[in-house]
Amino acid sequence: MIIGVPKEIKNNENRVGVTPAGVNALVGNGHTVYVQATAGEGSGFADEDYVKAGATILPTIQEVYGIAEMIIKVKEPIESEYSLIKKDQLLFTYFHFASYEPLTHAMIERGAVCLAYETVERADRSLPLLVPMSEVAGRMAIQEGAKYLEKPLKGRGILLGGVPGVRPAKVMILGGGIVGTNAAKMAAGMGADVTIMDTNLARLRYLDDIMPANVNTFMSNEYNIRELLPTHDLIIGAVLIPGAKAPHLITREMLKEMRPGTVLVDVAVDQGGCIETCKPTTHENPTFIIDDIVHYCVANMPGAVPYTSTLALTNATLPYALQIANKGWKQACADNEELKKGLNVVNGKVVYKGVAEAFNLEYTPVESVL
Ligand SMILES: NC(=O)c1ccc[n+]([C@@H]2O[C@H](COP(=O)([O-])OP(=O)(O)OC[C@H]3O[C@@H](n4cnc5c(N)ncnc54)[C@H](O)[C@@H]3O)[C@@H](O)[C@H]2O)c1
């Protein structure tokens with residue numbers, strides 16, 4: 001198959017859809033890979049690295065879209081890319097269709113085959129191509145939180161791990177899923193006094209078993225959250241209720257119960273946030289302050305560490321990309337239920353129920369396009 005890897009052109013996006021190691025694997029399976037010049041630069045991969053792995057570099061995005069049967073990228077195509085997409089061309093990338101109607105209509109009109117990372121789903125309902133970004137964001141939440149606890153950045157001026165003779169900071173993590181567990185690991189490793197809260201008792205039991213002694217678990221409810229607020233220095237929002245907006249577990253009125261300089265990192269901001277006062281921010285301007293409480297609410301945290309994020313993402317996407325390239329998308333999706341769930345729009349038809357419902361479009365069962 002002929003595979004194209006364009007350079008991401010969305011604002012501040014430095015990740016790339018395939019690494020040189022990925023090119024090596026694809027070429028080794030008999031495929032041809034074209035990479036747009038400087039596509040890997042933001043993630044630390046030079047054009048020569050791709051050439052050594054067996055790719056051909058093309059100077060423009062038009063040439064990459066023009067030649068490829070399958071495009072592998074990271075973010076959804078933006079307006080300037082729509083006209084480059086050809087009928088029957090397969091796009092394997094994040095789409096998040098339900099959040100942007102014009103993209104859905106554009107992909108229908110282009111007649112493309114859209115396999116969305118975010119809806120590839122395992123039998124246990126886990127989302128294997130979203131997990132790596134939650135791992136990155138969870139770990140980063142502590143790194144950022146520790147930084148913003150510093151006095152010059154308007155935090156309380158407390159060191160996460162303390163020092164001999166001085167107590168460490170207290171970290172409260174709302175949600176013990178992928179983000180929360182990764183955050184807890186980092187905070188615990190830095191020596192903080194950590195509490196993870198979740199509503200799922202089985203999950204709390206599991207976390208209690210595997211976490212080190214400086215991590216406690218606590219049932220998540222309003223009463224318990226209020227009890228911890230006055231004594232905690234760093235609060236991480238990491239809840240997710242699939243398919244729904246995040247619940248506001250910390251309301252504006254609760255801010256007055258915290259000490260000045262407390263830092264809130266709401267990782268769940270991309271689902272509306274679990275802290276009422278959180279509004280999406282950017283890496284250029286990551287924080288704002290309300291009632292002396294520092295709010296960090298960057299909606300694309302992994303974007304700040306493109307080297308790690310690209311490798312984490314492509315570790316997860318490459319095995320699927322190889323199946324698609326080796327068998328063709330129809331056979332690969334027929335053979336693999338996980339991949340089949342990733343099909344969203346196929347040759348003008350919406351084959352993912354959630355997307356059809358979001359925009360009142362006709363839904364075509366995916367089986368009928370295979
Ligand atoms: N900002 C970013 O850059 C970024 C990056 C990756 C993920 N995220 C977001 O982070 C959030 C968490 O993702 P995840 O992968 O960890 O999800 P997950 O499904 O693995 O975990 C969510 C956890 O929240 C728990 N939960 C639900 N209701 C709760 C409540 N009332 N109190 C406490 N816990 C509750 C669930 O039981 C579950 O354990 C999502 O909104 C995701 O989109 C953001």
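Both counts, for ligands and for their atoms, begin at 1 and track the order of listing.
With respect to the salt-bridge test (charged N to carboxylate O, under 4.0 angstrom), the residues E253 and R226 qualify. Note on D233 versus K170: no salt bridge recorded, every NZ/NE/NH1/NH2 to OD/OE distance being 4.0 Å or above. Using a cut-off of 4.0 Å between Lys/Arg side-chain N and Asp/Glu carboxylate O, E150 and R156 are scored as not salt-bridged. Using a 4.0 Å cut-off between a side-chain N of Lys or Arg and a carboxylate O of Asp or Glu, D335 and K340 do not qualify as a salt bridge.
For E338 and Y320, the side-chain atoms include at least one donor-acceptor pair closer than 3.5 Å. Using a 3.5 Å distance cut-off with no hydrogens or angles, the side chains of R139 and S134 do not pair a donor with an acceptor.
The local environment of OH in Y307 is sparse, with at most 12 non-hydrogen atoms from other residues, nucleotides or ligands closer than 6.0 Å. The 12-atom threshold is not exceeded at OH of Y206, counting heavy atoms of other residues, nucleotides or ligands nearer than 6.0 Å.
Looking only at distances, no side-chain donor or acceptor of N24 sits under 3.5 Å from a matching main-chain atom of P20. Under the 3.5 Å distance criterion, the side-chain polar atoms of T19 are matched with a main-chain donor or acceptor of G22. Looking at Y65, its side chain never comes within 3.5 Å of a backbone N or O of P6 through a donor-acceptor pair.
With a heavy-atom cut-off of 4.0 Å, C274 does not touch ligand 1 at all.
Scanning the protein for heavy atoms near atom 22 (C) of ligand 1, the closest one is L240 N, 3.4 Å. Atom 5 (C) of ligand 1 has as its closest protein heavy atom A137 CB, 3.4 Å. When only non-hydrogen protein atoms are considered, atom 21 (O) of ligand 1 lies nearest to G177 CA, 3.2 Å. Shortest contact from atom 29 (C) of ligand 1 to any protein heavy atom: T199 OG1, 3.6 Å. At the shortest separation from atom 13 (O) of ligand 1 among protein heavy atoms lies V179 CG2, 3.6 Å. The closest protein non-hydrogen atom to atom 41 (O) of ligand 1 is Q271 CG, 3.1 Å. The protein heavy-atom contact nearest to atom 43 (O) of ligand 1 is D270 OD2, 2.7 Å. Of all protein heavy atoms, the one closest to atom 32 (N) of ligand 1 is S220 OG, 2.7 Å.
Nearest to atom 31 (N) of ligand 1 by heavy atom, out of L249, L207, V298, V239, is L249. Closest to atom 7 (C) of ligand 1 by heavy atom, among P132, S134, G272, is S134. When D198, V267, N200 are checked for heavy-atom proximity to atom 37 (O) of ligand 1, D198 turns out nearest.
Below 4.0 Å from some heavy atom of A268 lie the following atoms of ligand 1, by number and element: 41 (O). Atom numbering of ligand 1 starts at 1 in the shown order; those under 4.0 Å from a heavy atom of P302 are 3 (O). Distances below 4.0 Å separate heavy atoms of M197 from the following atoms of ligand 1: 33 (C), 34 (N). Here is the list of ligand 1 atoms found below 4.0 Å of a heavy atom in N300: 3 (O). Annotation for ligand 1: atoms under 4.0 Å from non-hydrogen atoms of G175 are 24 (O), 33 (C), 34 (N).
Between I178 and ligand 1, a contact under 3.5 Å exists for at least one N or O pair. For ligand 1, one of its N or O atoms has an N or O atom of M301 under 3.5 Å away. For I241, no nitrogen or oxygen atom sits less than 3.5 Å from a nitrogen or oxygen atom of ligand 1, counting backbone and side chain alike. Where the criterion is an N or O separation shorter than 3.5 Å, residue side chain and backbone included, A299 meets it with respect to ligand 1.
Between Y94 and Y117, the two ring planes are perpendicular [angle over 60°; tilted spans 30° to 60°]. Under the 30°/60° scheme for interplanar angles, the aromatic rings of F45 and Y50 are found to stand perpendicular.
Within the structure, ligand 1 has A238 among the residues with a heavy atom less than 4.0 angstrom away.
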